[in-house]
There are 2 protein chains.
Amino acid sequence: MKTVHEVSKLAGISVRTLHYYDSIGLLSPTETTEAGYRLYDEEALGRLQCILLFRELEFPLKDIKEILDSPNFERNKALEQQIELLKLKKEHIENLIDLATGIRMIGVKKLMSFEAFDTRKIDEYAKQAKESYGTTPAYKEFEEKSKNRSKEQEQKLGIDMMNIFADFGKLLEHAPEDAVVQEKVAELRAFLTEHYYNCTPEILSSLGEMYAGGGSMTDNINAYAGEGTAEFTAQAIREYCAHCTGGQHSLE
Amino acid sequence: MKTVHEVSKLAGISVRTLHYYDSIGLLSPTETTEAGYRLYDEEALGRLQCILLFRELEFPLKDIKEILDSPNFERNKALEQQIELLKLKKEHIENLIDLATGIRMIGVKKLMSFEAFDTRKIDEYAKQAKESYGTTPAYKEFEEKSKNRSKEQEQKLGIDMMNIFADFGKLLEHAPEDAVVQEKVAELRAFLTEHYYNCTPEILSSLGEMYAGGGSMTDNINAYAGEGTAEFTAQAIREYCAHCTGGQHSLE
DNA sequence: TCTTGACTCCTACGTTACGTCATACTTTAT
DNA sequence: ATAAAGTATGACGTAACGTAGGAGTCAAGA
């Protein structure tokens, strides 16, 4: 004979749950002491096991009660039904995942008019920047990296990129030279270096001016991350480059 | 400006839902008439669209409220989170399906000690029955049918079979010669004919005596479908055969 | 023996997203 | 003018407990 506390620890449920199951007649204690304490024996524990099993399978407690008080074949029928129901649920969730993924993609595409971050564009900027300083082995690295990526991976990178801008948008109240902002710039640079090419201060600077250049890219960044984010980011990048390489800007 | 009724029809939701959304501040009407009637304009309808979209994705209304009142990037982050959450749910449900399927199998196997319905056993009975009347082309049909089935298909047939016995178990209060019971016998015969071999009255009769023969098969049937079902089914089959071919029994 | 702390009881409200009355008022159609 | 249809508010019900409160119970130490 175990008390509610002991049973609750054994079964990994709360005492309240035992009270509740008693109150709805799903699991009555084997006996009660004169003081009204509930006591459960092994058989009751077995029934509780069954209850928890069916509960795990998302059966409503009402149904569990019926199932446990009915013959074997009813249980199997119930199980089959539940399997069907779970399969339907799974299908539904799969549809939801597709829907949500689609919406996110629409949102991302619409807000940043995806071409703006299309590899080829960045490619061009990289080329231009590289040309002014000569072609290096790093450019080949970039080509390899970008050619091996799937459409899906590109999209994920675009999203990550937008999230970095979203972070800048949250820092608008800070000064561009603030440590937190400068760290974000460093993060942006690291991100570009990892996924595109070795992002030198010169390239970074060039990109910064592109962000704030007033084109659709500027608009998209501001629409997504908050008005003024593009300009703020550009300013932060200028600060970063000034302290990074001695103050020269690659744009003139 | 549309009234609650019009909006509800347009959006496919209830008037109560509009009341509720107003009460929790999720969607306030554009204005209210002097009599207190709610009126919604196009913008409100747009917001409602968004609400229903996020609701479809199983966002809690509280979260939807926050999301709609926050900038774009928050929405995308929320979407990503929700996608993760939905993926977890999907995984969970897949586990549940496996669990339920496993339990059902255990139940079926344990209750009917699956060998009893193993094709080979029925095979033997079929052979014996056939031998007394000579080998016919139907036997080859049976061999082909049973050899081409997968383990899974066999199990499904076993379950279907048990469900037929469960049906007999529900008819215990009827007389074996009752029309409903006799129809069940016909169903059993059709089932065997479809999945195993052309089930003549002789074979059917033989199987009936096997069910009630007192072995493990009898016990399993009774345990699963209710005490006395095996004997009841056998009696019903005798009745069926008596009216079917003029009264002779194939067993002596 | 008294007290303390751990344990138990029951009552009752909070949770989510509405459905379902019940009652009373307004608008529209005849 | 009157009936039908629409609207508003308020309150209770749902599933499966969580949480809080107040009070009684039990075993053990001082």
Side-chain angles (χ1 to χ4, degrees), chain A residues 1-41 44 47-48 50-68 78 82 85-86 89 92 96, chain B residues 1-41 44 47-68 82 85-86 89 92 96:
Chain A
M1 290 297 194
K2 326 242 180 191
T3 70
V4 281
H5 188 65
E6 289 164 337
V7 173
S8 82
K9 274 194 297 188
L10 274 171
I13 60 176
S14 70
V15 173
R16 172 70 174 112
T17 299
L18 287 171
H19 285 172
Y20 182 63
Y21 288 175
D22 187 10
S23 77
I24 63 172
L26 179 57
L27 181 67
S28 304
T30 313
E31 67 175 296
T32 55
T33 70
E34 47 187 65
Y37 282 30
R38 294 170 177 81
L39 294 177
Y40 301 83
D41 65 359
R47 187 179 167 94
L48 180 55
C50 282
I51 293 172
L52 296 179
L53 191 64
F54 282 100
R55 188 185 70 162
E56 184 67 25
L57 293 174
E58 300 187 1
F59 279 85
L61 296 188
K62 258 184 195 170
D63 294 3
I64 296 179
K65 196 177 162 187
E66 280 181 24
I67 289 168
L68 291 188
Q82 194 70 359
L85 202 152
L86 288 171
K89 261 195 178 180
H92 181 62
L96 292 188
Chain B
M1 290 296 194
K2 327 243 178 191
T3 69
V4 280
H5 188 65
E6 290 164 336
V7 173
S8 81
K9 274 194 298 187
L10 275 171
I13 59 177
S14 70
V15 173
R16 172 69 175 113
T17 299
L18 288 170
H19 285 172
Y20 182 63
Y21 287 175
D22 186 10
S23 77
I24 63 171
L26 179 58
L27 180 67
S28 305
T30 313
E31 68 174 294
T32 56
T33 70
E34 46 188 66
Y37 283 28
R38 292 170 179 81
L39 294 176
Y40 300 84
D41 65 0
R47 187 177 167 95
L48 180 55
Q49 288 278 347
C50 283
I51 291 171
L52 295 179
L53 192 63
F54 282 99
R55 189 184 70 162
E56 184 68 24
L57 294 174
E58 301 186 0
F59 278 86
L61 296 187
K62 255 185 197 170
D63 293 3
I64 296 179
K65 195 177 165 189
E66 279 181 25
I67 289 167
L68 290 188
Q82 194 70 359
L85 204 151
L86 288 171
K89 264 194 177 181
H92 181 60
L96 292 187

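Reminder, nothing fancy here: chain letters follow the sequence lines and each chain counts from 1. Every value quoted in this text rests on a predicted model; they were computed, and no experiment measured them.
Protein chain B contacts DNA chain D from D:dG6 to D:dA11, reading 5' to 3' and using non-hydrogen atoms of the protein with a distance under 4.0 Å. The footprint of chain A on DNA chain C, defined by a heavy-atom cutoff below 4.0 Å, extends from C:dC7 to C:dA12.
With sequence neighbours left out, the side-chain hydrogen bond (donor to acceptor under 3.5 Å, both in side chains) criterion links A:T32 to no other residue. Partners of A:K2 by side chain to side chain contact (heavy atoms under 4.5 Å, CB included), not counting sequence neighbours, listed by chain and number: A:E6, A:V7, A:L10, A:E42, A:L45. Every side chain to side chain contact (heavy atoms under 4.5 Å, CB included) that A:D22 has, sequence neighbours left out, goes to A:S28, A:P29, A:R38. Remark: A:T33 pairs with no residue by the side-chain hydrogen bond (donor to acceptor under 3.5 Å, both in side chains) rule, at least two apart or across chains.
Heavy-atom distances under 4.0 Å link DNA chain D to no residue of residues 57-66 of chain B. For DNA chain D, the residues of residues 4-22 of chain B within the heavy-atom distance limit of 4.0 Å (strictly under) are B:V4, B:H5, B:R16, B:H19, sorted by number. Within residues 32-40 of chain A, the residues approached by DNA chain D to less than 4.0 Å at the level of any non-hydrogen atom are A:A35, A:Y37, in residue-number order.
Here the shortest heavy-atom pairing between B:R47 and B:L27 reads CD-CD1, 3.8 Å. Taking every heavy atom of both residues into account, A:S23 and A:Y20 meet most closely at OG-O, 2.7 Å. The two residues B:S8 and B:S14 make their nearest non-hydrogen contact at CB-C, 4.1 Å. Nearest heavy-atom pair, B:L18 versus B:V4, reported as atom, atom and distance to 0.1 Å: CD1-O, 3.5 Å.
Two end axes, each from the C1' atoms of five base pairs, can be drawn for the helix from C:dT1-D:dA30 to C:dT30-D:dA1; they diverge by 30°, to 10 degrees.
Applying the salt bridge (charged side-chain N to carboxylate O under 4.0 Å, His left out) test to every pair with at least one member in residues 24-33 of chain A, sequence neighbours left out, gives no pairs at all.
Going from atom CG of B:L26 over to atom OG1 of B:T17 covers 11.0 Å, rounded to the nearest 0.5 Å. Atom CG in B:D41 sits 5.0 Å away from atom CE in B:M1 (nearest 0.5 Å).
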Using a 3.5 Å cut-off and no angle test, enumerate the donor-acceptor pairs between side-chain atoms of residues 48-63 of chain B and protein atoms at least two apart in sequence or in another chain.
| from | atom 1 | to | atom 2 | distance (Å) |
| --- | --- | --- | --- | --- |
| B:R55 | NH1 | B:Y21 | OH | 3.4 |
| B:E58 | OE1 | B:K89 | NZ | 2.9 |

